[in-house]
Amino acid sequence: MGSRSRTVGAAALAVCSLSLAACGSSRSSSVAATTTSTAAGSTTTTPAPITGSLAVFAAASLTGAFNSAKTTLTGANSGLDLTYNFAGSNALVTQIQQGAPADVFASADTKNMDKLVSAGLVETPVTFARNKLEIAVAPGNPRHITGLTDLARSGVTVVLEAVGVPAGDYTRSVLASQRITVDPKSLETDVKSALAKVTSGEADATVVYVTDVTAAGSSVEGVTVPDSLQPDITYPIAVLKATENHAAAQAFVDSAVSGDVQKALEAGGFLPPQ
Amino acid sequence: MIVLPLVGLLERVSWSTLLSDLSAHDAYVALRLSLETSLGALAIALVLGLPLAWILARRRFPGRSVLRGLVTLPMVLPPVVGGIALLYAFGRRGLAGQLIYNLTGWRFVFNTSGAILAEAFVSMPFLIVTAEAAFRSMDRRGEEAAATLGAGPAYRFRRVTLPAVAPALAAGAALTWARALGEFGATITFAGNLPGSTQTTPLLIYLDIESGHEATALALSLVLLAVSLGVLVGLRDRWLGNP
């Protein structure tokens with residue numbers, strides 16, 4: 001029994017490596033996938049499984065949703081070798097421009113995606129998620145913050161993201177439109193570190209995305225910013241022209257627009273792409 | 001491997017706008033703050049580190065090697081971990097920080113004193129290590145002679161021990177200062193980032209790169225590079241002797 005299953009395993013491995021070789025040369029991945037799943041003798045072959053290696057470069061704010069989607073995706077596609085590279089959208093653009101091997105780029109703002117569009121490095125991007133701003137306060141809201149105007153109150157310690165950090169720029173434009181002058185005690189480099197200042201009790205409030213408040217669970221509480229004040233926060237995703245696994249890259253993008261990735265995004269508090 | 005990144009940096013610096021980049025308000029403020037906080041950190045390191053180094057070098061007591069390990073820990077600790085540790089100790093809800101805050105309303109986070117504390121935490125080991133080595137390796141006969149002539153411990157330390165270790169101490173102090181000047185991770189994690197109060201030069205460099213102000217970032221990098229190199233070259237020639 002033991003030796004028999006080992007033989008089967010070895011055969012499956014051999015098929016896998018053969019199919020990987022096929023992927024490497026021609027990237028006609030669906031054929032290889034069918035062979036693999038037959039060898040494994042289990043999963044159905046519809047829809048066509050996604051196979052091969054896929055590197056998705058994604059904005060840090062997508063970490064939670066994309067990671068939970070990964071479990072679903074790799075569970076349904078045994079031949080898929082999915083790896084993520086999470087960082088600030090700015091940093092990812094720089095990495096891609098310097099030749100980092102990415103297949104898909106998911107940005108937290110259109111500004112950074114546009115840099116790659118104008119450099120001719122990506123195919124036409126599509127919007128796959130939207131987000132909202134929310135005020136994050138300590139659990140129980142001890143400072144009784146009910147809206148943006150409370151951030152200007154004296155005695156309330158507020159941190160914001162720095163100018164140039166997308167969340168910081170969005171927040172500033174909303175505050176400016178309401179003529180609210182906030183005196184932040186620190187200009188954090190990203191939403192996570194701004195939120196950390198609230199969860200650690202150093203700051204009373206900050207402004208982050210709804211999804212960050214959701215992800216932080218019970219360590220913070222969200223105070224809604226009215227829809228009428230919400231800026232247009234959209235997340236574009238695109239296949240990189242230099243990809244060597246176009247089928248898988250396109251499948252990931254499709255899933256982000258309406259598929260398992262989209263389900264994970266919605267569970268994480270993201271809004272669907274209109 | 002060491003020289004090439006430096007050349008890369010020098011090659012990208014915009015020399016024609018260097019002075020205007022540096023005199024930009026934020027850059028000037030950050031440089032001045034860096035100078036103040038790094039000198040503050042050096043002062044703390046000297047006051048706390050020197051006695052500690054002396055005890056480590058001259059006293060035998062249980063747990064000495066553990067203590068020696070502990071004081072050098074920040075040298076190898078990832079700076080961000082140091083920042084988190086400082087937060088748990090000196091933050092508004094930290095072990096000591098909470099007490100201080102409740103009693104006096106004073107807080108280190110979002111305050112220049114927090115930046116100084118972070119820099120001192122990271123740089124003090126450099127002083128302790130060099131000072132301990134100097135105390136340990138110095139010729140003890142001078143002290144013994146002074147003792148037999150009736151000199152008290154304080155007088156002996158001031159007139160015999162200190163002059164003997166002065167060159168090594170100066171080198172250690174310079175290293176400590178340079179390390180404090182370059183501190184980034186613990187400061188941004190613990191103290192925050194606000195121009196004029198906690199935004200030291202390395203923080204501004206990071207932020208400038210993140211937000212696309214490459215010219216200012218490179219100009220400031222060049223200043224830190226020049227200062228650090230100056231300190232190290234100066235150390236070699238002035239205090240350690242040129243071989």
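The shortest distance between side-chain heavy atoms of A/S200 and B/I84 does not fall below 4.5 Å.
Across B/L194, B/N193, B/I209, the residue that shares the most heavy-atom pairs under 4.5 angstrom with chain A is B/N193. Annotation: maximal heavy-atom pairing with chain A below 4.5 Å, among B/T198, B/L207, B/L203, B/D208, occurs at B/L207.
In terms of heavy atoms, A/T157 sits closest to B/R92 at OG1-NH1, 4.4 Å. The two atoms that bring B/I188 and A/K197 nearest to each other are O-NZ, 3.6 Å, heavy atoms only. Residues B/F110 and A/E202 approach most closely at CE1-O, 3.4 Å, considering heavy atoms.
Contact annotation for A/V163: only backbone heavy atoms (N, CA, C, O) come within less than 4.5 Å of a heavy atom of chain B. At a 4.5 Å heavy-atom cutoff, B/Y88 makes no contact with chain A through either its backbone or its side chain. For A/T94, no part lies near chain B; criterion is any non-hydrogen pair under 4.5 Å. Of the two parts of A/A196, neither the backbone nor the side chain holds a non-hydrogen atom closer than 4.5 Å to a non-hydrogen atom of chain B. With a threshold of 4.5 angstrom between heavy atoms, A/S193 does not approach chain B through any atom at all.
The line from CG of B/N111 to NZ of A/K185 is 10.5 Å long, rounded to the nearest 0.5 Å.
Around CZ of B/R12, the count of heavy atoms belonging to other residues, nucleotides or ligands within 6.0 Å does not exceed 12.
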